[in-house]
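Note that the numbering runs from 1 along the sequence shown for the chain.
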Amino acid sequence: MNKQESLTILNNYNKNTLMETLEIEFVDLGDDFITAKMPVTPKVHQPYGILHGGATAALAESVGSCASAFFLRDSSKIVKGIELSINHIKSKREGHVFATAKAIHKGRTTHLWEVRIVDEDDNLISLCKITNIVLDKQ
């Protein structure tokens, strides 16, 4: 499967989810990473008119969990996020943010991902760590 086909499949999973509500779109992937973008508009602002930390966290968890599921490539398993840690470094009022998940550890039952969220100028907005558990489908 080529990159564009993979991105289409990933984006189709967004239908009728929080990811669709936040307009998260997968835009790139490689052998060890997945990147998604999210527009920064009043829809994802907090009352001070800047990107809400909860929207940033939702982006990070979406990309990190998706990365586990995508790279696992085992339809008999499901992935669930069990811990998310996020540091907000810089605020953002408009434009887009890009979240890239890269594996720190991919074990049999747990995965640990670093998710860097940057803006269009590659300024670090947030740095995240997500732990996922890999379970048998029931």
Side-chain angles (χ1 to χ4, degrees):
M1 179 178 329
N2 69 36
K3 182 193 291 193
Q4 192 53 52
E5 290 172 333
S6 296
L7 290 170
T8 298
I9 289 168
L10 290 171
N11 283 313
N12 284 337
Y13 284 126
N14 293 355
K15 303 261 188 269
N16 301 312
T17 68
L18 177 63
M19 293 160 60
E20 182 178 52
T21 300
L22 297 178
E23 299 179 48
I24 295 171
E25 177 187 1
F26 291 98
V27 294
D28 198 10
L29 59 90
D31 292 336
D32 66 346
F33 74 93
I34 290 182
T35 301
K37 74 176 181 177
M38 180 178 73
V40 180
T41 65
K43 183 192 293 191
V44 296
H45 282 172
Q46 43 96 306
Y48 296 120
I50 59 175
L51 177 60
H52 193 291
T56 307
L59 172 63
E61 182 149 359
S62 297
V63 175
S65 293
C66 183
S68 276
F70 182 77
F71 289 114
L72 186 63
R73 296 190 174 146
D74 183 344
S75 61
S76 70
K77 305 286 186 185
I78 60 169
V79 173
K80 294 184 178 182
I82 57 173
E83 183 176 11
L84 179 69
S85 169
I86 184 167
N87 293 96
H88 304 294
I89 310 299
K90 185 174 178 162
S91 60
K92 180 81 174 156
R93 291 190 180 279
E94 59 185 13
H96 285 86
V97 288
F98 299 83
T100 299
K102 289 189 177 183
I104 297 170
H105 168 77
K106 287 193 291 186
R108 188 176 52 80
T109 58
T110 60
H111 293 176
L112 178 61
W113 295 87
E114 177 186 80
V115 182
R116 293 179 59 84
I117 299 176
V118 300
D119 67 10
E120 303 92 336
D121 298 319
D122 207 34
N123 295 307
L124 184 62
I125 304 299
S126 297
L127 183 61
C128 317
K129 185 177 69 173
I130 178 170
T131 305
N132 297 320
I133 189 165
V134 179
L135 301 168
D136 291 325
K137 276 188 180 174
Q138 297 189 357

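Closest non-hydrogen pair, Met19 versus Asn14, comes out as CE-OD1, 2.5 Å. Nearest heavy-atom pair, Phe71 versus Asp31, reported as atom, atom and distance to 0.1 Å: CE2-O, 3.5 Å. Annotation for Ser126 and His88: closest pair OG-ND1, 3.0 Å, computed over non-hydrogen atoms. Here the shortest heavy-atom pairing between Pro39 and Val44 reads O-CG2, 3.6 Å.
With rounding to the nearest 0.5 angstrom, the NE2 atom of His96 is 8.0 Å from the CD atom of Glu25. Here the CG-CZ distance, from Asp122 to Phe98, works out to 10.0 Å after rounding to the nearest 0.5 Å. To the nearest 0.5 angstrom, Thr110 atom OG1 is 4.0 Å from His105 atom NE2. Expressed to the nearest 0.5 Å, how far CG of Leu22 lies from NE2 of His52 amounts to 11.0 Å.
The number of heavy-atom neighbours closer than 6.0 Å to CZ of Phe70, taken from other residues, nucleotides and ligands shown, is above 12. No more than 12 heavy atoms of other residues, nucleotides or ligands shown are found within 6.0 angstrom of NZ on Lys102. At most 12 non-hydrogen atoms from other residues, nucleotides or ligands lie less than 6.0 angstrom from CD of Glu94.
In this structure the side chain of Ser68 never reaches within 4.5 angstrom of the side chain of Val134, judged on heavy atoms. Between Cys66 and Tyr13, the closest side-chain pair of non-hydrogen atoms is not below 4.5 Å.
Note on ring orientation: taking the six-membered ring where Trp is involved, the planes of His111 and Trp113 are perpendicular (angle over 60°, cut-offs 30° and 60°).
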Could you go step by step and tell me if Val115 and Ile130 meet the side-chain contact (heavy atoms from CB on, under 4.5 Å) rule?
CA-CA 8 Å; Val115 182; Ile130 178 170; 4.2 Å; yes
